[in-house]
Every structure is written in structure tokens, then in C-alpha cells.
Amino acid sequence: MTETSSTPSTAGDAREAPPGRLQRLMRYLPLVAPVLLWAVPCGVLLYTGQHWPLPVTLTATALFVLGLTGMPLAMARGHGRRQQDRAAIVGDSLLGGAWVLFTWSVLLGVLLRLALTVAGVGDGQDRARIVTWAVLGVTAVLLVWGYAEARRVPRVRRVDVELPRLGAGLDGTRVVLITDTHYGPLDRARWSERVCERVNTLEADLVCHTGDIADGTAERRRAQAAPLGTVQATRARVYVTGNHEYYSEAQGWVDLMDELGWEPLRNRHVLLERGGDTLVVAGVDDVTAESSGLAGHGADLAEALEGADPDLPVLLLAHQPKFIDRAAAHGVDLQLSGHTHGGQIWPFHHLVRLDQPALAGLTRHGARTRLYTSRGTGFWGPPFRVFAPSEITLLVLRRAS
């Protein structure tokens with residue numbers, strides 16, 4: 001691996017992109033989301049013709065009110081100034097559970113009731129109670145399964161990527177991508193070790209981490225991140241910041257990854273040489289870096305590629321898929337990203353697509369540029385993954401036939 005770095009800069013294309021539709025929507029969600037998440041299931045399950053005995057109705061209503069008040073309080077304590085991990089676990093778990101319950105209350109509350117009515121099953125009370133038990137049953141199954149999916153070591157997803165400008169000596173280069181590990185309130189040190197062990201079985205030439213290492217500072221999450229120092233690659237291990245680093249003293253994470261033997265690509269590039277051919281491996285800070293106020297941080301692709309031979313193929317690490325427009329404009333061959341989690345808990349992916357051009361997998365942008373978006377290796381917040389499995393990605397670079 002040959003370094004051809006220059007000092008990071010926030011000039012040029014470092015200017016942060018204007019807020020997307022999802023970001024604008026998120027400004028109002030904290031006000032209305034908790035009410036909707038708890039009030040809608042409460043109404044569907046208790047007050048749409050079930051005629052439960054009064055003690056049942058009162059007890060269940062009290063539980064919904066407790067969830068409505070307890071979830072925001074726990075999340076504020078867990079993710080606010082106090083940073084109480086136990087409160088974060090409670091708040092995040094309630095958020096995930098409420099989202100699944102809300103989703104299936106709406107779906108089954110409409111579709112199942114309609115189907116039962118068309119089929120002539122029971123009277124109004126019977127149909128309402130069937131819907132209630134169906135919603136509770138589906139929610140319980142999905143949460144148990146989603147928790148197991150979130151906590152497991154991700155499956156390896158292999159993808160062959162043809163790059164027309166790839167030299168013959170680079171054909172078969174093995175690139176492993178991990179991203180969005182989100183070490184956090186739930187201690188996942190052992191999980192981290194097992195992920196790194198799985199990566200080391202893949203015989204990678206290059207291992208990449210495209211950000212969102214953790215929720216919390218490097219000092220606080222050091223024990224969970226430490227196994228990253230055991231990752232093996234024949235050429236290099238490279239890393240770029242994600243948006244969550246900028247919530248938690250990003251420079252501390254850059255320094256820790258450097259200490260663990262990873263190459264932080266902060267608006268710079270290195271050269272990977274194999275079989276007499278060369279690949280430019282570049283990285284940029286996350287697009288939120290400039291607004292963080294952290295001196296010297298900001299996404300600048302022109303700076304990252306400065307001095308690179310324009311005839312060489314370029315592999316770019318950028319945390320968010322929406323950086324792809326800038327990558328395509330600069331003629332990048334392949335961009336690797338994370339950030340989306342594949343939606344993490346269905347059907348949240350519909351909201352993610354309001355803000356990002358891709359959700360998961362390999363997509364083409366412009367005449368030359370490919371984008372691979374990982375569903376992420378870990379999970380953020382709610383410890384559930386529903387219809388959005390995590391992954392460790394093995395990308396095998398191929399010369400176009």
C-alpha cells in the first residue's frame with residue numbers, strides 16, 4: 001500500500017449538501033411520533049369494537065400511557081447529556097417495540113378486518129378481537145426474531161463487481177466491507193470479537209469500515225471497538241467517519257482507529273498495488289462533518305483525489321450513499337457506503353429512501369460509477385432487525401470481460 005496523502009481540507013466540494021426531505025421531516029417527528037406510535041395501537045387494539053371487560057381496558061390503556069411517557073424520558077436520559085446506558089436500552093427497546101406494534105396495528109387493523117368482514121367471520125366484536133390477538137402475536141414473533149437477527153454475527157454477502165478500468169493484475173481483488181457497527185449501550189464486545197474473526201476468514205486484500213463505529217465517545221466504547229485491531233488484510237485496513245462520529249467527538253475515533261492500525265482516509269487516498277496494476281483507494285469525511293464545527297473536518301473529494309493519476313480506477317469510501325452524485329461527477333469507479341441499515345425495521349426503509357438514492361446492494365450511477373450500499377454490520381438504537389438483515393460484505397473486483 002502506497003500513501004499519497006495530503007492534509008485534509010474543507011474547501012471546494014466540502015460544503016455540506018442542503019437538508020434532504022427526511023431531515024426536514026425529522027425536525028417534526030419528535031413532537032408527533034411518540035403520540036402516534038402509542039395512540040394508534042391503543043385505539044386499534046382496545047377501542048374499535050372489542051368491548052373488553054373494564055379492568056382489561058383500563059389496565060391496557062395505562063400500559064400504553066406508561067409507554068408514551070416513559071419512552072421519551074428514557075431516550076432523553078440515555079441519549080441526552082446524562083448518557084445513561086440503561087435508560088438508553090429501555091428507551092430504544094420501547095421505540096423498536098412501538099414501531100412494530102404501530103405498523104402491524106395499521107396493517108392488520110385494516111386488511112385483516114376487511115378480509116374477515118368479506119369472509120363473513122363472526123360479528124363485529126369477534127372480528128375486532130381476532131385483529132387484536134393477531135396484531136399482538138405478529139408483533140411478539142417479529143420482535144423475538146428481530147432481536148436474534150440484530151444480535152447475531154452477520155452473514156457474509158459476496159458480490160462480484162465488474163469495473164471496466166480495472167487492470168488485469170487487480171482482477172480478483174478481495175475487498176471486505178464492514179460498517180455501522182454502532183457499539184453502544186448494549187455491551188457487544190464479544191460480538192465484536194466474533195465479527196472480526198469472521199472477517200479474518202475471508203482472506204481480504206483490503207478491509208474497509210465506512211463509519212458509524214459507535215454511539216458514544218472512543219474512550220467510552222473502547223472495549224467494544226478494540227477487537228477491530230485484530231482484523232487482518234494483506235494490503236490495508238481503511239476507515240472513514242460516519243455521521244455518528246460527529247455526535248461523539250469524531251477526532252477521538254479517528255485517533256483510536258489509527259491506534260488500532262487502521263488508515264483513516266480523511267479526504268485523502270492511498271494506492272493499492274497488485275499484480276503490476278494500481279487501484280486508488282480514497283476516502284472522505286461524512287457530509288455532516290462541516291456542520292459539526294470540528295476544525296479541519298468536512299467532505300472534500302477533490303482534495304481526496306489530488307495527485308492521483310486520472311487514468312487509474314478509483315474505489316471511494318463515503319459513509320452516506322447520497323455522496324454518489326459527487327463521486328460520479330469525479331469519475332469514481334466504485335463507491336462503498338453504509339448508513340441506511342437497509343431500513344433496519346420494516347417498513348422504515350420507505351423513509352430512508354426519501355433521503356438516500358439507494359437502500360442496499362449494487363447500483364449504477366452515470367456511465368461509469370457503481371455504488372454498493374451495505375445494510376450495515378450492527379444496529380442503531382432499537383436492538384431489532386426486521387426484514388433488513390445485517391451483513392459483512394465481500395466484494396470481489398473483476399475486470400470487465
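With contacts defined as side-chain heavy-atom distances shorter than 4.5 Å, the pair Trp262/Val207 qualifies. Side-chain contact between His297 and Gln251 is present, with at least one heavy-atom pair separated by less than 4.5 Å. The shortest distance between side-chain heavy atoms of Gln335 and His365 does not fall below 4.5 Å. The shortest distance between side-chain heavy atoms of Gln224 and Trp191 does not fall below 4.5 Å. Annotation: side chain of Asp215 is not in contact with side chain of Tyr247 (no heavy-atom distance under 4.5 Å). In this structure, Arg368 and Asp333 have side chains that are in contact, with non-hydrogen atoms separated by less than 4.5 Å. Using a 4.5 Å heavy-atom cutoff, the side chains of Lys322 and Asp355 are in contact. For the pair Thr103 and Trp346, the minimum side-chain heavy-atom distance is below 4.5 Å.
A salt bridge links Arg221 with Asp85; the closest basic N to acidic carboxylate O contact falls under 4.0 Å. A salt bridge is absent between Asp277 and Arg399: the closest approach of a Lys/Arg side-chain nitrogen to an acidic carboxylate oxygen does not fall below 4.0 angstrom. Salt bridge Arg190/Glu193: present, at least one basic N to carboxylate O contact under 4.0 Å. Remark: Arg174 does not engage Asp205 in a salt bridge, criterion side-chain N to carboxylate O under 4.0 Å. Ion pair Arg155/Glu149 flagged as a salt bridge, since at least one NZ, NE, NH1 or NH2 atom sits closer than 4.0 Å to an Asp/Glu carboxylate oxygen.
Summarising the geometry of Ala88 relative to Pro185, their closest heavy-atom pair is CB-CG, 3.6 Å, with the distance given to 0.1 Å. Residue Leu177 comes nearest to Tyr372 through the heavy atom pair CD2-CD2, 4.0 Å, listed as atom of the first residue, atom of the second, then distance. The shortest heavy-atom contact between Phe348 and Gly343 is CB-O, 3.5 Å. Shortest non-hydrogen contact noted between Ser105 and Val44 is O-CG1, 3.7 Å.
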Report the C-alpha separation of Val231 and Asn200 in whole Å, then their side-chain angles, then the decisive distance to 0.1 Å, and conclude whether the side chain to side chain contact (heavy atoms under 4.5 Å, CB included) test is met.
-> CA-CA 6 Å; Val231 169; Asn200 287 341; 4.2 Å; yes
Begin from the C-alpha positions of Trp253 and Tyr246 and carry the test ring pair (Phe, Tyr, Trp, His ring centres under 6.0 Å) through to its verdict.
-> CA-CA 9 Å; Trp253 281 110; Tyr246 293 97; over 10 Å; no
Given the rule in the side chain to side chain contact (heavy atoms under 4.5 Å, CB included) test, do Leu279 and Arg274 qualify, once you have shown the distances and angles that lead to the verdict?
-> CA-CA 8 Å; Leu279 174 70; Arg274 185 176 182 268; over 6 Å; no
Evaluate the criterion side chain to side chain contact (heavy atoms under 4.5 Å, CB included) for residue pair Thr363 and Ile324; output intermediate values, then yes/no.
-> CA-CA 10 Å; Thr363 52; Ile324 193 63; over 6 Å; no
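Annotation for Glu249: atom CD does not count as buried by contact number, only 12 or fewer foreign heavy atoms lying within 6.0 Å. Few gaps surround CD on Glu259; more than 12 heavy atoms of other groups in view lie less than 6.0 Å from it. Annotation for Arg86: atom CZ does not count as buried by contact number, only 12 or fewer foreign heavy atoms lying within 6.0 Å.
Side-chain polar atoms of Thr48 and Arg113 form a donor-acceptor pair below 3.5 angstrom. A side-chain N or O of Glu391 and one of Thr393 form a donor-acceptor pair less than 3.5 Å apart. A donor-acceptor contact under 3.5 angstrom links the side chains of Gln50 and Thr132, judged on distance only. A side-chain donor from one of Thr61 and Tyr47 sits under 3.5 Å from a side-chain acceptor of the other.
One N or O on the side chain of Thr241 and one on the backbone of Asp286 form a donor-acceptor pair closer than 3.5 Å. Using modelled atom types, one side-chain atom of Arg235 and one backbone atom of Glu273 make a donor-acceptor pair closer than 3.5 Å. Side chain of His349 to main chain of Gly342: no donor-acceptor pair is present (N/O by atom type, distance under 3.5 Å, no hydrogens or angles). Proximity of a side-chain donor or acceptor of Glu290 to a complementary backbone N or O of Val287 within less than 3.5 Å is not detected. Counting only distance, with no hydrogens or angles, the side chain of Thr181 and the backbone of Ile213 share a donor-acceptor pair below 3.5 Å. For the pair Arg151 (side chain) and Arg188 (backbone), a donor-acceptor distance under 3.5 Å is absent. With hydrogens and angles ignored, the 3.5 Å screen pairs a side-chain donor or acceptor of Arg266 with a backbone N or O of Gly296. Counting only distance, with no hydrogens or angles, the side chain of Asn267 and the backbone of Gly298 share a donor-acceptor pair below 3.5 Å. Proximity of a side-chain donor or acceptor of Arg375 to a complementary backbone N or O of Pro389 within less than 3.5 Å is detected. Within the 3.5 Å criterion, the main-chain N or O of Gly378 finds a donor-acceptor partner in the side chain of Arg385.
Checking each of Leu305, Asp309, Leu163, Thr369 against Val314 for a side-chain contact (heavy atoms from CB on, under 4.5 Å) leaves exactly one that passes, namely Leu305. The side chain to side chain donor-acceptor pair (under 3.5 Å) test with His339 is passed by exactly one of Asn243, Thr373, Asp180: Asn243.
Note: Thr139 OG1 to Leu142 CG = 7.0 Å, rounded to the nearest 0.5 Å. We find the CZ-CD distance between Phe323 and Gln356 to be 12.5 Å, quoted to the nearest 0.5 Å. One distance of note links CZ of Arg222 with OG1 of Thr217; it measures 10.0 Å at 0.5 Å rounding. We find the CG-CD distance between Leu294 and Glu245 to be 11.5 Å, quoted to the nearest 0.5 Å.
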